[in-house]
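Each remark here refers to the structure printed beneath this line.
Source: prediction; values computed, not measured. When a ligand or atom number is given, it counts from 1 through the structure's own listing order.
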Amino acid sequence: MASIHEHDKAVQAAQNIEMVEVEDGYTLTNLPDESITQQFDIDQIPEKDVTQEMREASAKEDPTSWLMYGGGYQQQRHTTADVITPENVEDLELEYLVQSGVASSMEGVPIVVPGDPPVMYQTNGPNHAKAINARTGETLWSYTCANPQGLLLCCDANNRGFAVHGDKVYMTTLDSGVVALNRYTGEEEWYTSTGDHEIGYSATWAPIVHEGKVITGSAGGEYGVSGFVAALNPDDGSEIWRTNTTPAEEWAGDSHEHGAGTVWMTPTLDPESGMIHAPVGNPGPDFDGTVRPGPNRYTIGTLTLSADDGSVQWHYGESPHDVWDYDSSAPKIRVNDMEMGDGTRDVVISPGKTAWVYTMDAGNGRLLERSQETTQHINMWKMVPHADEDRRVAFVPGAHGGNDWQPPSYNPETGLVYMNQNNAPHEIFWQEAQYEAGQTYWGGGLNDWPDVDAPDNWNGNLSAIVAVDPVSGERVWRDWISSDQTSDYLWGGSITTATGLTFTGTQNGNIVAYDGENGDRLWQFQLGAPICSSLSSWYDPGEGKQYVAVQVGGSGWLHGGRRGSTVAVFGLSE
Ligand SMILES: O=C(O)c1cc(C(=O)O)c2c(n1)C(=O)C(=O)c1cc(C(=O)O)[nH]c1-2
């Protein structure tokens with residue numbers, strides 16, 4: 001098993017950082033004022049620059065790589081590696097554990113660049129990263145980013161992973177920045193700030209690189225910022241374009257200025273058409289709709305932009321004028337040439353917090369299919385908080401969805417979408433919203449389970465793993481995860497394999513493999529801490545093995561504290 005280097009200064013710097021709970025959020029103290037890279041055995045990293053072609057082949061034509069957060073640009077989270085099958089998955093073994101050394105939210109997806117050996121690049125909060133020999137688990141370099149004090153974070157010090165291009169890897173930073181590191185040495189090459197962290201901008205998602213652009217965006221939707229997607233030059237971090245998600249012409253008065261609509265999860269990209277499908281979060285303030293009359297475009301839904309210049313192509317809204325916090329934050333799935341009706345279509349699939357899966361025409365955003373409900377629908381849309389301050393109604397899905405940010409997966413072999421869904425009630429209360437820079441801008445709040453009385457016909461299951469046919473909208477199978485199996489919501493993503501498997505993780509610490517056709521649980525392994533991340537998988541031809549990696553440890557936001565520090569890697573030989 002790989003261990004932490006004793007004198008890892010980057011780890012020590014990150015270990016000193018303390019997360020402090022403040023009203024309606026978190027902040028960090030003891031952030032290092034200089035970035036720290038420590039090199040260990042960097043000679044092991046094979047020199048081979050990553051190209052656009054390699055990324056386009058990632059996980060599909062090329063089973064040896066997992067070069068992006070979503071596997072490939074289209075975020076299907078599908079590997080063509082086929083060593084692990086429904087018949088032999090029970091032989092899958094734990095190969096090694098990497099201790100990041102930093103107790104933090106573990107929400108990232110390790111990316112893997114093929115080579116001899118393949119190299120894994122992994123990030124976790126707060127602003128910490130490592131390059132790892134993907135065969136042995138040895139740390140090759142480690143890095144902690146400098147940050148200003150007093151950051152405003154709604155939902156923990158999250159970081160969801162790297163993008164890779166040429167000789168560089170790119171990660172977002174909690175002060176709403178992007179940093180480029182030389183991937184052979186771990187040294188900082190450039191840093192760019194994309195938003196003012198003092199008024200609540202922060203950044204948590206894994207960027208993507210496409211045709212000479214690093215695509216990024218910011219979190220901060222709970223602080224009354226105004227969302228955006230931006231493209232930076234991969235060589236020097238200079239900004240190429242920026243598109244605002246709350247355009248003045250779509251909003252009443254000046255409400256767009258604090259209209260939120262943050263893009264805080266990785267967008268999906270179709271390299272063929274050059275379209276970006278961005279998941280857009282809640283309007284601001286979250287619950288007081290009186291200050292923002294109208295549909296509040298482009299919040300809560302899919303916003304499609306041209307990767308060339310950021311121009312808006314279309315938007316599909318899942319909850320216009322939302323007052324239920326139904327962000328559409330889960331990554332979208334792009335599928336081209338999907339058999340539908342009497343022809344084929346290019347589609348975008350969005351699993352909503354609304355517990356519906358939306359299948360849209362990728363060209364114009366027209367809704368082609370809305371699925372059966374993935375979990376329960378109780379009192380949905382009935383609760384209009386500002387209509388009656390005293391009226392309290394528990395509704396399902398609550399603000400955790402359906403599908404919160406948990407990344408869904410798609411398997412072209414089964415034609416199904418796999419999602420980790422929540423089924424918990426929430427109750428909203430309303431307060432008049434007053435914007436004050438650097439303060440949360442909620443306009444009310446949520447009473448979280450278990451404070452709220454559950455509705456009568458709620459089935460008591462907090463979550464479910466669900467497979468949906470995006471063509472017919474049929475819910476094909478659903479594995480309810482009862483509260484005795486897990487103490488909390490499902491908060492991790494899933495991946496699929498060429499052999500029809502679906503891998504995911506649960507809050508009670510199991511990594512699980514399902515038969516994607518019918519939902520039979522074929523294998524599970526207890527990792528001892530919640531899984532709040534998605535996974536990656538690759539084939540290593542040098543070893544003749546297929547690997548599956550998952551970061552283990554709770555989301556601080558969900559658990560009120562930082563919990564994790566482990567990357568677990570499983571393998572099976574041919
Ligand atoms: O509006 C935003 O900008 C924003 C950002 C984030 C984030 O970056 O993690 C979360 C949320 N909102 C959010 O509403 C939420 O429930 C949430 C949960 C988590 C998490 O990592 O567990 N992040 C976020």
[atom] - nearest protein heavy atom and its distance:
| atom | answer |
| --- | --- |
| atom 22 (O) of ligand 1 | W491 NE1, 2.7 Å |
| atom 14 (O) of ligand 1 | E222 OE1, 3.5 Å |
| atom 18 (C) of ligand 1 | W557 CE3, 3.7 Å |
| atom 11 (C) of ligand 1 | W264 CZ2, 3.3 Å |
| atom 15 (C) of ligand 1 | C155 SG, 3.7 Å |

Using a 4.0 Å heavy-atom cut-off, which part of [X] comes near ligand 1: side chain, backbone, both, or neither?
| X | answer |
| --- | --- |
| C154 | side chain |
| W205 | neither |
| E107 | side chain |

- prompt: Looking only at heavy atoms, which two atoms of T27 and G150 are closest? And how far apart?
  reply: OG1-C, 3.3 Å
- line: Which of S409, S536, S494, S537 passes side chain to side chain contact (heavy atoms under 4.5 Å, CB included) with R77? Answer is S409
- prompt: Do N124 and Q122 meet the criterion of a side-chain donor-acceptor pair at a distance under 3.5 Å?
  reply: yes
message: Under a 3.5 Å cutoff, is there a donor and acceptor pairing between the side chains of T566 and Q551?
response: no
Near-ring test [Y]/[X], centroid separation under 6.0 angstrom:
| X | Y | answer |
| --- | --- | --- |
| Y170 | H165 | no |
| Y316 | Y358 | yes |
| H426 | H400 | yes |

Do any nitrogen or oxygen atoms of [X] lie less than 3.5 angstrom from nitrogen or oxygen atoms of ligand 1?
| X | value |
| --- | --- |
| S218 | no |
| A219 | no |
| D325 | no |
| R160 | yes |

statement: Note: ligand 1 atoms sitting under 4.0 Å from heavy atoms of G220 are 2 (C), 3 (O)
message: Need the ligand 1 atom indices (1-based, order shown) with element for anything under 4.0 Å from a heavy-atom of N158.
response: 9 (O), 20 (C), 21 (O), 23 (N)
field: Separation of Y435 OH from D288 CG (nearest 0.5 Å)
entry: 15.5 Å
message: On a heavy-atom basis, I'd like to know which of T262, D156, D327, L446 is closest to atom 2 (C) of ligand 1.
response: T262
query: Given T172, L153, T204, V263, which has its nearest heavy atom closest to atom 8 (O) of ligand 1?
result: T204
- prompt: Do the side chains of I276 and T268 get nearer than 4.5 Å, heavy atoms only?
  reply: no
message: Side chains of S463 and N461, heavy atoms from C-beta outward: is any pair under 4.5 Å?
response: no
